[in-house]
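All of these numbers come straight from a predicted model, not from anything done at the bench. Only this structure's heavy atoms are used, side chains among them; waters, hydrogens and symmetry mates stay out. Position 1 is the first residue of the sequence; numbering continues from there.
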Amino acid sequence: MAGEFGIVLRRLREEAGLTQEELTRRSGVSVSTIRGLETGKRGNPRMTTVQQLADALALGSEGREELLRAAVPGHPGGGGTEAGGPGPGEPVVEPRPAPAEQDPLADAAEQLAKAVAARWQREEEHRRIQDPYPLPVRWDAADETLTDHWANIRRLPPGAASGPLDLSGRLERIAETYRRVPSGRLVVLGRSGSGKTILALRFVLDHLKSRTPGEPVPVIFSIGAWNPTAITLRDWLTEQLTRDHPGTAARGPGRVSLAAALVDSGRVLPVLDGFDEMADGLRRPALEALNATTLPLLLTSRPAEYAAAVLQTDVLTSAAPIELADLALDDLDHYLPRTTRKTGGADPAAGAWDPVLEKLRAGSPDRPATPLATVLSTPLMVALARTVYSDTPDHDPASLLDAERFGSAEELEEHLLDSFLPTVYRRRPRPGTRDWDPDRAQRWLGHLAHHLTELKTPDLAWWRLGDGLRDSTRTLVTALVTALAIGLVDGAVTTAFSGSLAGGLLDGTVVGLLAGCLFGFVHWLTYTVTGKEVTPSSVRLRIRGRTEATTWGAGPRLVIGTLGGTAFGFVYGFVVGLIHAYGWKVDLSSALHLGLVDGIVLALVFGGGAGLAFCLLGLLETPLDVVSAVSPRSVLKTDRRAVVTQLALAVPVFGAAVGLGLGVVVDLLQGHLGRLVLTPAAGLAVGVVSGLGGALGYTLSLTAWGQWCVFSRVWLPLTGRLPWAVATFLDDAYQRGVLRQAGAVYQFRHGRLQSHLAQAHRRR
């Protein structure tokens, strides 16, 4: 039951129109502490805590005195005893706080904060944002038509006078600007290339530096990949958090994953980057979904796309918008000359940009800005110009002033975009890396850009590289590769046991085609019909020690494995029986009987074997660590390791279960289903083929790494869409600055570059 202080605190908070989360943001006192005080689970608050809460509630003298009296019962002025305060010379004893209630999510949030900080610190260094220093991104308050009522933004009670906040600032002050917004909702607007993504990255790092325990952890989400008509915001945030931090898939309180618990408890501060990258028809429902929540957030967008969504529905509730300003000529004067090598001439400090900037400064105020001055007003184009001209000694930036060649800003921007890839791919590769042909690299990157445009997402996920194909093509290719792999294995094993090459080729062909069709059908039923996508594993196997509980237990695995194995065994046995009947020239009735007998026998055997293997895998699975470093390549390696480990365990278990189970079932059913004949050699061959073939079929058709092998290592390179060493190529593109890493996926360094490459790909 709540004590007197909790009752008073709750009443004063509700009178101020604040939620517990909003009071946390204003006061800096954790939401768990406020909740504990209001419910009575925490007593005797510290005086500093009482003062913070009083300041956050903007209490007058009477309200402060009431809150203080409730904190120290019987104290008339706060800080004494029931007799009226300490006597002369007696110390004022601050009430000791009760032991804090153990919060099971606190440790997960702190680990998440460390992982996020480490990731984006590495990414900032890789993008050379601090080389030689960050471009001076500035902003001012956005148009009032895009701004909610200031009383809502400032979380003021009804009737209170309100006015606008001063939100102007610079890149290094973005965290301070956000903290000045009582609602905790900030919209960052800026035209293409103005530095919104860099600002989001800087916000995360600065906010984490000043973050106190209990505050939410800022996490960047590419909102362009969200479909609000298919999945709720919280569920999507949970999925993305699990993807980029696989350790959060572990079970948390309430039988939900840690990711879901962190999102639902308000311990994640969503930084939603790229609202403008959403499809046109999704921005309105997305804004409506955001308005249906009270989550604090930071949202980035181009102004036109955000304004169009606002016109269709309403502004983002309680959000203060700011708009990024263009770079000034003085900013270029200070920045570009410091990005070039010294010439070594009469003036050692002079560089290739100095004469260019001097001509730009010499322009008359009455004349319109030159195309180059217009283009270099955004950080993206400055970065491209630096790459093409500052980092390449044989390129002279003076050519950018050629008015005949570049008559407009658009032509100049296209030139910089066209020159970017040839420039970065003609550089000498780093030691240990490959030298890629620039034309081929541009063709492959164009395919990837077109692939993302078709999928309507900025996230280049290695496990989805085959999703750009038609559903029918994807299913057929999966079935074909699976059939070929299983057929080769079956043929080799059958030949080894029977000694007949012709028999091995025949059996391998029949089994391969049948298994390919069955696994292709399972793939189509699992992913194409349901609309699901295959995702990397978020667990590993622990052979020694006690495994932690995951959200996917051994019980469901036992049921699914048994049902799947039974269905596969019956169909497989029935078809094999019909094939044998055809070879033996028996009548139709005998053929059906033979097919049913083989189907029943193999259904029992495969059902038991698959159930046992799946159950064992479920018992040994344990979630990954929250602080595990995640990058696209590390996720690929982790998923491959998980699949190979599963196969190393499942193949002998499943093969032995099928081989031994077949002999047991034949003995038990002998005479009940007719005369059943099984030699030891045949049983061993069936066990080996079943273990290897089943593992191959499962891997290639139902795992992320298997689908990566089918499409990214076989089909797409075979058809010329991608290189054979896809993972190496993507990592190299990241090292060259063409791609950036966003957790478990790659993205093009800017949406403008992706759009440019996709258009060039379509023109080809």
Practice problem: Go through the steps for L448 and L452 under the test side chain to side chain contact (heavy atoms under 4.5 Å, CB included), then give the verdict. | Solution: CA-CA 6 Å; L448 293 173; L452 296 182; 5.7 Å; no
Has the side chain of [X] got a donor or acceptor atom that lies under 3.5 Å from a matching backbone atom of [Y]?
X	Y	answer
D459	A461	no
R302	S192	no
Y306	V188	no
R749	V738	no
T423	S419	yes
T374	A409	no
T300	G274	yes
T147	D143	yes
K196	L299	no
T340	P337	yes

Quiz item: Between R191 and E305, is a salt bridge (charged side-chain N to carboxylate O under 4.0 Å, His left out) present by the stated rule, with each step listed?
Solution: CA-CA 10 Å; R191 63 193 184 101; E305 284 78 358; over 6 Å; no
Return the minimal non-hydrogen interatomic distance between [X] and [Y], and the atom names on each side.
X	Y	result
L416	A385	CD2-CA, 4.2 Å
L167	W139	O-NE1, 2.7 Å
L12	L59	CD1-CD1, 3.9 Å
S390	T339	OG-OG1, 2.9 Å
M278	A286	CE-CB, 3.6 Å
R386	Y335	NH1-OH, 3.0 Å

Can you find a heavy atom in the side chain of [X] that is under 4.5 Å from one in the side chain of [Y]?
X	Y	value
L9	L57	yes
L233	W226	yes
T294	T19	no
P536	W462	yes
D639	W463	no
L332	W353	no
L112	L241	yes
T229	L282	yes

Is there a donor-acceptor contact under 3.5 Å linking the side chains of [X] and [Y]?
X	Y	answer
H451	D467	no
D148	T317	no
R122	S631	no
R736	T387	no

Quiz item: Taking the six-membered ring for Trp, are the ring centroids of H126 and Y734 within less than 6.0 Å of each other?
Solution: yes
Give, for atom [atom1] of [X] and atom [atom2] of [Y], the distance between the pair rounded to the nearest 0.5 Å.
X	Y	atom1	atom2	answer
R338	Y133	CZ	OH	5.5 Å
L753	L384	CG	CG	7.5 Å
R234	D264	CZ	CG	5.5 Å
T197	D273	OG1	CG	3.5 Å
H245	T242	NE2	OG1	10.0 Å
M381	L327	CE	CG	12.5 Å

State plainly whether the residues [X] and [Y] are in salt-bridge range, i.e. N to O under 4.0 Å.
X	Y	answer
R243	E239	no
E176	R170	no
E123	R119	no

Quiz item: Is it true that atom CZ of R211 has more than 12 heavy atoms of other residues, nucleotides or ligands lying nearer than 6.0 Å?
Solution: yes
Quiz prompt | side chain to side chain contact (heavy atoms under 4.5 Å, CB included) evaluation trace for R127 with I198 | solution = CA-CA 9 Å; R127 297 187 194 183; I198 296 299; 4.0 Å; yes
Quiz prompt | Test salt bridge (charged side-chain N to carboxylate O under 4.0 Å, His left out) applied to R284 and E288, step by step | solution = CA-CA 6 Å; R284 174 180 176 176; E288 291 173 345; 3.1 Å; yes
Practice problem: Check the pair F729 / L445 against side chain to side chain contact (heavy atoms under 4.5 Å, CB included), numbers first and verdict last. | Solution: CA-CA 10 Å; F729 175 72; L445 289 167; 3.8 Å; yes
Quiz item: Can you check side chain to side chain contact (heavy atoms under 4.5 Å, CB included) on L460 and L465, steps first, answer last?
Solution: CA-CA 8 Å; L460 180 56; L465 290 180; 3.6 Å; yes
Self-check item: Test applied, side-chain contact (heavy atoms from CB on, under 4.5 Å); reference residue, F221; option that passes from D244, V271, L272
Solution: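 Only match with F221 under side-chain contact (heavy atoms from CB on, under 4.5 Å): L272.
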Quiz item: Sequence neighbours excluded, which residues qualify as salt bridge (Lys or Arg N to Asp or Glu O under 4.0 Å) partners of R180?
Solution: none
Quiz item: Are R464 and T457 close enough, and set up right, to give a side chain to side chain donor-acceptor pair (under 3.5 Å), and what steps lead you there?
Solution: CA-CA 11 Å; R464 296 196 65 190; T457 177; 5.4 Å; no
